[in-house]
Amino acid sequence: MSSLIERVGVLGYLVTSAPQRWIGRTALMKFCYFLQELRGAQLGYNFSLYSYGPFDSAVLSDLGDGEAFGVLKEDIVPYPSGFGYKISCVLEPEQLAEVGGDLLERCRADVDWIIEEFGSRSAADLELASTLVYADREALAAEEQISAAELARRVQEVKPRFNNAYILRQAESLKRKDLLLAVA
Amino acid sequence: MLNDWEKAIISEFPFQRLRRIRQLAWTDQVYPGAMHTRFEHSLGVMHTATLMYDAIKERSRQTLETELAYNSDGLGRDRQLVRLAALLHDVGHGPFSHAAEELLPNFNGGEGKYRHEQYSAAIVRSLFRDVIENHPSNANYGFKADDVASLLEGSSKAKQALFWRDLIDGQMDADRMDYLLRDSHHIGVQYGRFDLHRIIQTIEAIRIEDDGSLRIGISEGGAHAAEALVLARYFMFTQVYFHKTRVAYDVHLRGALKELLPGGVFPKPVPLGLSDYLRWEDWRVLGLLTDGKGGEHGQRLASRSHFRCIYHTPETSTLADMEELKRVKNNLGSLLAAEESASKSWYKTGTPDIRVFTESKGPLPLSKLSNVVANLKANNQVLVYVRPEYADDARKKTKRGNEKNE
């Protein structure tokens, strides 16, 4: 079982690898989801779906512990439509490697892949992409094979604010990268 | 008020079983009044969730209609759905509530464990299907048991109703609000009290700044009530849920259950395992303990000779504190009987994520408005236990200068 301190090290590396070297809470949550679901990282989280995408409060709990340990720092900063969170890493790379230990070593390449694939996406896009993956995995668990259009339809029922054509484009993009397992 | 449908659901065996599952496990060893059960808590959660639903519907109707495509019929339908889900949210609990959660099996062969919510969803699908789908009242709704289960477990099959999941399992949910007030009342403390009515008066649907999603939050007038809720969680955690003696009894209960359960874990939440799982409740465990079962931990439960906490890290521990903990554990050697971390507690306070809508600045995290919440740090305390007969010796070993010889 991954230890708390090592997990915090992985979160620190995730944050520090982001293009701006900081991320918001949505990005943190969804990157952790992708790390587990798309890359098989053994972080021990148990995500379930909310209208805002896959979520596990244990990620926020680890964030709080990360702050207590002096690894992560969270500030409140202005966003275009209000104020939100900015999570950054306080440690230097060598210190982070020590904190993250074996877990970070195992996950490092996976984190790099997540950042390359999703690092520049907006929080709204991350929310949508992660929901598509979640719904895809539900279909897989039910031994269904569905079309991208059907997946998009299911996700739109959860997120009516997104345009169906947009959801479908996102689904097809994920499909092209072989990230959807139940979509034919 | 309960309708006939809800009364029928309550009469079913898996719901009545909640009368035999204590809300706070063995907390009565510290606070003798802690004898209330999941049964009345579940009724309370349904009641509170309904108050929240009605308030949001009234205050954010237009938002619900434009963002989630609700109409009057849809809102009426989902009100009943939320009531059923809130009522049934805890049917999946094991004996003595969260104390047994670590003995749930691993999820999908990975590291994470099943949670009781997943058991609740499975039980709803299997054992409440008939009373949900075939009750005469369902003619007005057309619910499937899967509708309720999907909302409980967090599935895309819940569709737009997934928005309401936060009322049952979220940052400011009815579950938390009920148990804080109920637990305070029964054990006779004031720590868990906050102004529920003010929160109900100010609750609404808010579009947050980060990803633009719609969440349940409060208007600015309720910010201090939300602050009080956060503090209530903090105080109840430190004074009740993570009380060193209460936690010791969780250790013993887990240890005893490991001896009592076949393979040391509960059955999985699959149809064939559920009837076995539901046979596990407090009365059965207490009967087995009375018969002398449960090994050393069972005996300690029966005789109130619990492990003693002889060392703890600060409530907010740094990496340096964790290094010191390693030294202490090394010194204790084989005397170390148990180690419990606040970070692993089901009741852990975590980092609040409550949004407040202000007229002047739009949506804000509560910590932007509240100095108290902004400065409240996560509790990641670790408690270290030894057997009572070694407590004095162990305390000496925790002191610096008493390092174990290599």
Side-chain angles (χ1 to χ4, degrees), chain A residues 1-2 4-5 24-27 30 36 40 42-58 60-71 74 76 78-85 99 122-128 131 134-135 138 141 154-155 157-161, chain B residues 66-69 107-108 110-115 117-118 153-166 169-171 207-215 316-320 322 341 343-344 348-353 355 357-358 361-365 367-368 374 377-380:
Chain A
M1 172 78 92
S2 55
L4 167 62
I5 293 177
R25 281 195 180 184
T26 296
K30 304 321 178 201
Q36 273 200 180
Q42 298 290 314
L43 301 176
Y45 297 129
N46 188 345
F47 287 91
S48 59
L49 194 63
Y50 288 78
S51 57
Y52 39 89
F55 182 92
D56 184 354
S57 59
L60 294 187
S61 180
D62 284 356
L63 168 62
D65 289 330
E67 284 192 279
F69 290 147
V71 176
E74 188 175 60
I76 309 282
Y79 274 62
S81 53
F83 283 79
Y85 299 102
V99 168
S122 69
D125 273 355
L126 290 174
E127 184 204 310
L128 179 58
T131 305
Y134 193 96
E138 283 184 322
R154 292 180 185 187
V155 167
E157 285 184 322
V158 175
K159 297 177 181 300
R161 70 184 176 103
Chain B
T66 53
E67 303 283 342
L68 295 174
F107 182 66
N108 278 353
E111 280 200 349
K113 288 194 176 291
Y114 277 103
R115 295 191 295 211
E117 295 91 332
Q118 288 161 300
E153 67 190 352
S155 163
S156 62
K157 294 186 173 81
K159 303 178 190 174
Q160 82 204 129
L162 205 55
F163 169 74
W164 303 106
R165 190 166 177 232
D166 268 324
D169 183 10
Q171 293 289 305
R207 175 171 297 295
I208 70 163
E209 67 300 328
D210 184 359
D211 52 28
S213 63
L214 205 59
R215 307 265 184 124
T316 298
S317 302
T318 62
L319 287 175
M322 292 302 177
S341 168
S343 300
K344 286 189 183 166
K348 61 183 178 288
T349 47
T351 304
D353 195 24
R355 296 309 210 283
F357 183 78
T358 65
K361 295 184 177 124
L364 299 177
S367 48
K368 178 73 175 164
K377 298 287 183 274
N379 186 325
N380 57 358

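The analysis underlying the following values was restricted to heavy atoms, covering all of them including side chains, and did not include hydrogens, waters or symmetry mates. The model shown is predicted, which means the values in this text are computed figures rather than measured ones. Quick note on labels: first sequence line is chain A, next is B, and so on, each numbered from 1.
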Between [options], which has the largest tally of heavy atom pairs under 4.5 Å with chain A?
{"options": "B:Ser317, B:Pro365, B:Ala69", "value": "B:Pro365"}
{"options": "B:Ala161, B:Ala158, B:Ser155", "value": "B:Ser155"}
{"options": "B:Leu68, B:Thr316, B:Asp353, B:Thr318", "value": "B:Asp353"}
{"options": "B:Gly362, B:Ser156, B:Gly170, B:Ser341", "value": "B:Ser156"}

Proximity breakdown for [X] and chain B, heavy-atom pairs closer than 4.5 Å:
{"X": "A:Val99", "result": "side chain"}
{"X": "A:Phe83", "result": "both"}
{"X": "A:Tyr50", "result": "both"}
{"X": "A:Gln36", "result": "neither"}
{"X": "A:Asp56", "result": "side chain"}
{"X": "A:Ile5", "result": "side chain"}
{"X": "A:Thr26", "result": "both"}

task = For the residue pair A:Phe55 and A:Tyr52, categorise the inter-ring angle as parallel (less than 30°), tilted (30 to 60°) or perpendicular (more than 60°).
result =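 The arrangement is perpendicular - the two ring planes meet at more than 60°.
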Heavy-atom distance under 4.5 Å between the side chains of [X] and [Y], does that happen here?
{"X": "A:Val71", "Y": "A:Asp65", "value": "no"}
{"X": "A:Glu157", "Y": "B:Leu162", "value": "no"}
{"X": "B:Asn380", "Y": "A:Phe69", "value": "yes"}

query = Does a sphere of radius 6.0 Å around NZ in B:Lys157 hold more than 12 heavy atoms from other residues, nucleotides or ligands, not counting ones at 6.0 Å or beyond?
reply =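 Yes.
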[Y]/[X] salt bridge by N-O under 4.0 Å criterion:
{"X": "B:Asp166", "Y": "B:Arg215", "answer": "no"}
{"X": "A:Arg154", "Y": "A:Glu138", "answer": "no"}
{"X": "B:Arg115", "Y": "B:Asp169", "answer": "no"}

task = Heavy-atom distances under 4.5 Å only: say whether B:Glu153 touches chain A with side chain, backbone, both or neither.
result =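 Contact with chain A: backbone only.
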message = Need one label for B:Glu117: side chain, backbone, both or neither, based on atoms under 4.5 Å from any heavy atom in chain A.
response =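 Neither the backbone nor the side chain of B:Glu117 comes within 4.5 Å of chain A.
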request  = To the nearest 0.5 angstrom, please state how far the CD atom of A:Glu127 sits from the OG atom of A:Ser51.
outcome  =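 Separation between the atoms: 7.5 Å.
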